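Bear in mind the structure is a predicted one, so any value in this text is a computation, not a measurement. Sequence positions, counted from 1, serve as the residue numbers for this chain.
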Amino acid sequence: MTDKPEPGTPEFEKWLKQRAKERAEKLFAEEMPPELAELEKGLIAGPKDISDIMPEKSIPEDIAIDKRNKKKHLKSIK
């Protein structure tokens, strides 16, 4: 990639459009991971690594959310 020009200049606008075009071409060329292929057809957006959204990583967070929600109706009395 070339050096980034100064924002607000015509060179920056040209550079930005080229960069967006390259990123879009890469995004639209990506194939859906096999783990998600049977869910639906089309493009997906999300983390680069599918394991970041697998249940093994989200279970502790889900448990913490459930605990907060269970106690939400309680009122603290001092």
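Partners of Asn69 under the side-chain contact (heavy atoms from CB on, under 4.5 Å) rule, at least two apart in sequence or in another chain, are Ile65, Lys72. The side-chain contact (heavy atoms from CB on, under 4.5 Å) test applied to Glu11 returns Pro5, Thr9, not counting sequence neighbours.
If you chain together ILVMFWY residues whose side-chain heavy atoms come under 4.5 Å of each other, Ile59 ends up grouped with Ile63.
Around the CD atom of Glu25, the shell of radius 6.0 Å holds more than 12 heavy atoms that belong to other residues, nucleotides or ligands.
Atom CZ in Phe12 sits 12.0 Å away from atom NZ in Lys17 (nearest 0.5 Å).
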